[in-house]
Structure formats: structure tokens, C-alpha cells
Amino acid sequence: MKFSVLSYLLANALSASAGTILWDGRFNDLSSSTDLNNWSWGNQVGPYQYYIHGSSSVTSYVNLSPDYGNPADTGSKQGAKITLDNTAYWNGQNMRRTELIPQTSAPINQGKVYYHFSLSRKDTNAPATTREHQIAFFESHFTELKSGLLSGASGVSDTSLRWCVNGATQWSTEWQAGVWHNVAYEIDFSANTVGFWHSTGSDPLTRIVAPVSVSTSSNGADWHVGVLELPRSGYSDSNEDYYWSGVYIESGSLTTNVAGPGAPSGGNPSTTTTSKPSTPSTTLTTSTTKAATTTTTSSKPPATTTSTPGGCTAPQWSQCGGTGYTGCTTCASPYTCKYSNDWYSQCL
């Protein structure tokens, strides 16, 4: 009994010393995915903005269940299954996409912060290996996960899961079914760097790639929890499921325990630890990409518009206009900026 009490107190003490949660997207406050329908531009409630999806009901694209989460993530009551089906085309685009965006005014784009999530797939409705998928990305795509054959790469398919910075692969591994990949993006918005922490299953996070210099462009409301699939002619759509767990953003010290901050004492309390950045790990293979990837963006309407940076061009499929948009408004040749709605124009 004394040992159990001591373990409980130690777990709570260590958890209390963890970083500060700036935004909690662990689905704990949602009774079902239909709660996402409560959010709108006129009623911005709940942990997520829900507007990037196809024309069907929310349960076609997002579903919640304890069975969908990482069993080691005891800080989450449930996980999410995010789906691409043959209706998952948003706003007339030719890309399938289902994405959630944090609903918060917290400073998630300031100083050094950590973007946490766990990701898995199954053999049933597995992500296609023949097309590029952009996962857990920012609108400027300065950092993201990718799976499938990269756009412009040679070959027919690719079974890798990659972490990329500005389209260049910094880490990759074989994406096997049933394996939970625990990730933290270490983003320093002041220093313009991003590092990569990773583990699998219940193992604590370790730093795999030391911070890389990059323009950490974010307005604090453009991180996409979900997936965007680039089109590829000659390949038909099939249903794809992506499983998410432990989604949150913190500042201060990094929580390395997959159980996460505030987890019950039963969730591996002896390993509920926090850590400052350590020496880069070489446990998993790193590689560099052989092909740059085409990037795409989505828009969210802030209240005001600001001026556009001069002299820059946006690539194919990128955003090029819309209320509140602050990026490039000229498209790279031969693409032109096509109006979609008041909030979004795209290079097509």
C-alpha cells in the first residue's frame, strides 16, 4: 500500500512539472464527432474548427472511440478515426482532405512550443501508397508528416512514413499497420527552427532530429490535424482511415511520456517524465528526399486583411487570396489564382 501511494504521489508530482498545455485537442470533451457540427464561423466553440471536409455528414469523415486511441495514451478518453472516402473533396478541389484545426486564441505560434500527436493505420482501409499524403501540416508546409509516393518522385508506390521540413525528408520509416507513432514537433517560432521527437507504442519520446532552420510561418490557427491527399491520374479512390490520439500543444518542458499531462496514475506513472532537448537519437533511420513535393494550403477567415508580401509566388494548389490571407497572391507560371469563395482562392 505504501508503495502504491508513493507511486501515485510521484506520478502526480512529475505530471505537475510538465509543460503548460496551451491547447488540448485530445477529444476528451466531445461526446461524439457530431459535436464538431456545433462549430461555425459565427459560433466558434469547442476545441476544433470543422470546415475542411467533403459533402457528407460528419460521421463519414470523423469518428471517435476508445478503440481508436493509443492504449498507452491514458490521458485521452478516446481517439479519432479520420477518413477519406469518395466524397471527401472540399470546396470543389481535386484533392481529398479531412482536417481539423485548433480553435484557440492561445499563443501556439509564439516562442518554443511542442505539437503532440500519435498516429497509426490498419490494414483495413490503409492509406494508399501510390499517392502523396500530407499529414499534420501547417498551411505554409514548413513541417509535416508525409506518406505514399511523393509528388514528382519516380516509381509507382512508397510505403514510408516521413517527417519533412520544407518538403525535404529528415526522417523516414516503414509505415507498418498497428504501430502507433508518437510525435512532437519542437517548434521555436522565435529562432525559426523545428525539431522532431518520436517513439512507438508506449515508449517515451526521444529527439530524433535536432532543430532545423526553417521559416516557421503560422498565424496560430493553421495547423491541420488530418490528411490531404494529392491527386494522381490513373489511380481510383478507395477509403482510407487514419487513427489519431494524444493531440495537444504545450510550452515549457516537453512531456515525453505518451500518457500525456494529466493522465491517471494507472498510465505508466513511473515513466511520466518531462525532458529538455537531448542529443539527437539515431535509433531510427534518417534519409533525404529525392523529390520536392507540391504543397497546398487552406484558409480560415480572420476578421481583417493585411498586405501581401511583395515579389513572392505561390506554387500550384496553394492559396493565393481570401479575406485575411497574408501570403503570396501571384501564382507560379503557368498557374493562375482562381476565386473559390470570399475566404479562399487557389493556384490552379
I want to check something: taking the side chain as every heavy atom from C-beta on, are [X] and [Y] in contact at a cut-off of under 4.5 Å?
X    : Y    : value
E139 : N219 : no
W90  : H53  : no
S118 : V183 : no
I108 : F189 : no
S120 : W244 : no
S76  : N28  : yes
S202 : V258 : no
Y50  : L100 : yes

Would you please say whether a donor-acceptor pair under 3.5 Å links the side chains of [X] and [Y]?
X    : Y    : result
N192 : T216 : yes
W39  : Q44  : no
S160 : D158 : yes
Y61  : T87  : yes
T193 : D188 : no
T59  : N63  : no
S65  : Q78  : no
H224 : Q134 : no
N38  : N43  : no
W197 : T206 : no
S217 : S215 : no
E250 : T20  : no

Parallel, tilted or perpendicular: which fits the ring planes of [X] and [Y], with parallel below 30° and perpendicular above 60°?
X    : Y    : result
Y185 : F196 : tilted
W223 : Y115 : perpendicular
Y51  : W41  : tilted

Donor-acceptor contact present, side-chain [X] to main-chain [Y], <3.5 Å:
X    : Y    : answer
R121 : W175 : yes
D24  : P47  : no
S218 : G220 : yes
E144 : F138 : no
R162 : W171 : no
N125 : D241 : no

Looking only at heavy atoms, what is the nearest atom pair of [X] and [Y], with distance?
X    : Y    : result
N70  : N182 : ND2-OD1, 3.0 Å
L22  : T104 : O-OG1, 4.2 Å
T173 : H181 : CG2-CE1, 3.7 Å
D73  : A259 : OD1-O, 3.7 Å
S33  : L64  : N-CD1, 3.8 Å
S199 : P204 : CB-O, 3.2 Å

Check whether Y243 forms a cation-pi arrangement with K122 (NZ or CZ under 6.0 Å from the six-membered ring centre, at most 45° off the ring normal).
yes
Does R97 pair with E229 as a salt bridge, N-O distance under 4.0 Å?
no
Salt-bridge criterion met for R232 and E132 (N-O under 4.0 Å)
no
Under 6.0 Å between ring centres, would you say that holds for Y114 and Y248?
no
Going through the distances and angles, do F142 and I187 end up as a side chain to side chain contact (heavy atoms under 4.5 Å, CB included)?
CA-CA 10 Å; F142 71 85; I187 306 174; 4.1 Å; yes
Flag yes if [X] and [Y] sit in one hydrophobic cluster, no otherwise; membership is Ile, Leu, Val, Met, Phe, Trp, Tyr, and two members link when side-chain heavy atoms are under 4.5 Å apart.
X    : Y    : answer
Y89  : I52  : no
W23  : I21  : no
V225 : V194 : yes
Y68  : Y48  : no
V62  : F117 : yes

Nearest 0.5 angstrom please: [X] [atom1] to [Y] [atom2], how far?
X    : Y    : atom1 : atom2 : answer
K112 : S251 : NZ    : OG    : 11.5 Å
S57  : N37  : OG    : CG    : 8.5 Å
H133 : L84  : NE2   : CG    : 6.0 Å
N91  : S55  : CG    : OG    : 11.5 Å
I135 : S147 : CD1   : OG    : 4.0 Å
L228 : E99  : CG    : CD    : 5.0 Å

Under the disulfide (SG to SG under 2.5 Å) rule, what do C337 and C320 come out as? Steps first, then yes or no, please.
CA-CA 6 Å; C337 191; C320 54; 1.9 Å; yes
Assess whether salt bridge (Lys or Arg N to Asp or Glu O under 4.0 Å) is satisfied between D237 and R131, documenting all intermediate values.
CA-CA 10 Å; D237 294 340; R131 290 192 265 193; 3.0 Å; yes
Verdict with supporting geometry, T143 and W163, side chain to side chain donor-acceptor pair (under 3.5 Å)
CA-CA 7 Å; T143 192; W163 177 62; 2.7 Å; yes
